[in-house]
Number of protein chains: 2
Amino acid sequence: MARAGLTAERLTQAGAELADEVGFDKVTVAALARQFGVKDASLYSHLKSSQDLKTRIALLALAELADRVSAALAGRAGKDALEAFANAYRDYAREHPGRYAAAQLRLDPDAAAASAGGRHAQMTRAILRGYDLTEPDQTHAVRLLGSVFHGYISLESGGSFSHSAPGTQETWSRVLDALDALLRNWPAA
Amino acid sequence: MARAGLTAERLTQAGAELADEVGFDKVTVAALARQFGVKDASLYSHLKSSQDLKTRIALLALAELADRVSAALAGRAGKDALEAFANAYRDYAREHPGRYAAAQLRLDPDAAAASAGGRHAQMTRAILRGYDLTEPDQTHAVRLLGSVFHGYISLESGGSFSHSAPGTQETWSRVLDALDALLRNWPAA
DNA sequence: TGATTTGCCTAATAGGCCTAGGTAAATACA
DNA sequence: TGTATTTACCTAGGCCTATTAGGCAAATCA
């Protein structure tokens, strides 16, 4: 009987594509096995568990996203960098909703350490170089930016903004204006 | 054989408590049946499906949360209202992580219409009465506040802020300061 | 008290996760 | 090139969750 040529990498890749098509929560070992025309049990030679599969997809997404953000950020500073950064996240979430959902998976400490999480944190800090903030305000600002972007993308994709005017694109760009203004005039403690 | 006295309401309440104990995603029909010492199938006289159970818990959480926020907001305006509002959300999420997660469930249009979602939107707008914003900036600001609070609570509860100094409480209060400053000086388009 | 409703039961199907142990295909090696 | 080893995939089976169909007994009502 011909072999399907499974590897952890191919399974992870296929799992990521499946996630974008049907939703991250519907990525199951069984569904993935179906895609490759093999039995469920066969995947366990390559994956430790269903959780392992999900973690791998999350790590893939975090790395892809970090690459994109990094590319978007190259050569930019100030508001230009802020916008590029924010748009890179939002665009990725729109193009790859399943992967983006995977990137929100809570990782165990080992996986988190091996993830691109550190790159994301560094890049967020890099944006602030264009603004005049010192510690601990820089950390507060990093956390605020993370919250706004994550929150906005999450609410927007959940449809929370789709029931009222104006359009979300307009709000997005006004929110970026507002954040830029805030970072330029960060209130003293 | 004595009856357990199940009703949709008791099941929803117990499901909400279970969610806070073990996580919303671990609330299953089977687990709930176990708690009441009945068979899984028995719950289907009261619930349409597992999805129905989750929706009911979500509606319960949204209503409870709206009540809390409403109480917190009474008699306050300006920054005072902003802080009360934000703290009401954050405190609820900390006290009831499972219910808070349930409140993020994406509801179908029918359930959404019957939910306390409208009250939440109204209350967010109410905060802005203390600031000098007109449409469409008011809507932009509502969306920004929703994004920040949702994003912050989500990241904080996921542990994203727990690996670095300073503490999240300090950041939280500086973020509220920053939002207050931003709303008082909202940049013109 | 008898009739009706209904709450909880048993039984059974289907799907997902996962382990143990087998067979055949690919690879290494002599 | 034939043989030995590794390994990719399979069968079988156990356990968990979701859900439906149909039955009996407890509660309720006439």
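By convention in this document, chain letters (A, B, ...) are assigned in the order of the sequence lines, proteins followed by strands, and residues within each chain are numbered from 1.
- Tracing side-chain contacts under 4.5 Å through hydrophobic residues (I, L, V, M, F, W, Y), one never reaches A:Ile57 starting from A:Ile153; they form parts of separate clusters.
- Interface residues of residues 12-31 of chain A facing DNA chain C, ordered by number: A:Thr28, A:Val29, A:Ala30; criterion, heavy-atom separation under 4.0 Å.
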When you compare the protein's N or O atoms with those of nucleotides 10-14 of chain C, which come within less than 3.5 Å of each other, and at what distance?
none

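- Aromatic ring centroids of B:Phe149 and B:Phe85 lie under 6.0 Å apart.
- Residues of residues 43-55 of chain A having a heavy atom closer than 4.0 Å to DNA chain C, listed by number: A:Tyr44, A:Ser49, A:Ser50.
- Separation of the B:Tyr131 and B:Trp186 ring centroids does not fall under the 6.0 Å cut-off.
- There is a side-chain donor-acceptor pair under 3.5 Å between B:Arg90 and B:Gln169.
- At whole-Å resolution of the value, CG in B:Leu32 and P in C:dC8 are 13 Å apart.
- Taking atom CG of A:Leu11 as the reference point, atom P of C:dC17 lies 13 Å away to the nearest angstrom.
- Separation of the A:Phe161 and A:Tyr152 ring centroids falls under the 6.0 Å cut-off.
- You'll find the ring centres of A:His96 and A:Tyr92 inside the 6.0 Å limit.
- More than 12 heavy atoms of other residues, nucleotides or ligands lie within 6.0 Å of CG in B:Asp80, so this atom counts as buried by the packing criterion.
- At least one donor-acceptor pair under 3.5 Å links the side chain of B:Ser162 to the backbone N or O of B:Gly159.
- For the residue pair A:Thr139 and A:Glu135, a side-chain donor N or O sits within less than 3.5 Å of a side-chain acceptor on the partner.
- Distances shown here put every side-chain N or O of A:Arg34 at or beyond 4.0 Å from the OP1 or OP2 atom of C:dG15.
- Remark: the backbone N or O of A:Ala72 is paired with a side-chain donor or acceptor of A:Arg76 at under 3.5 angstrom.
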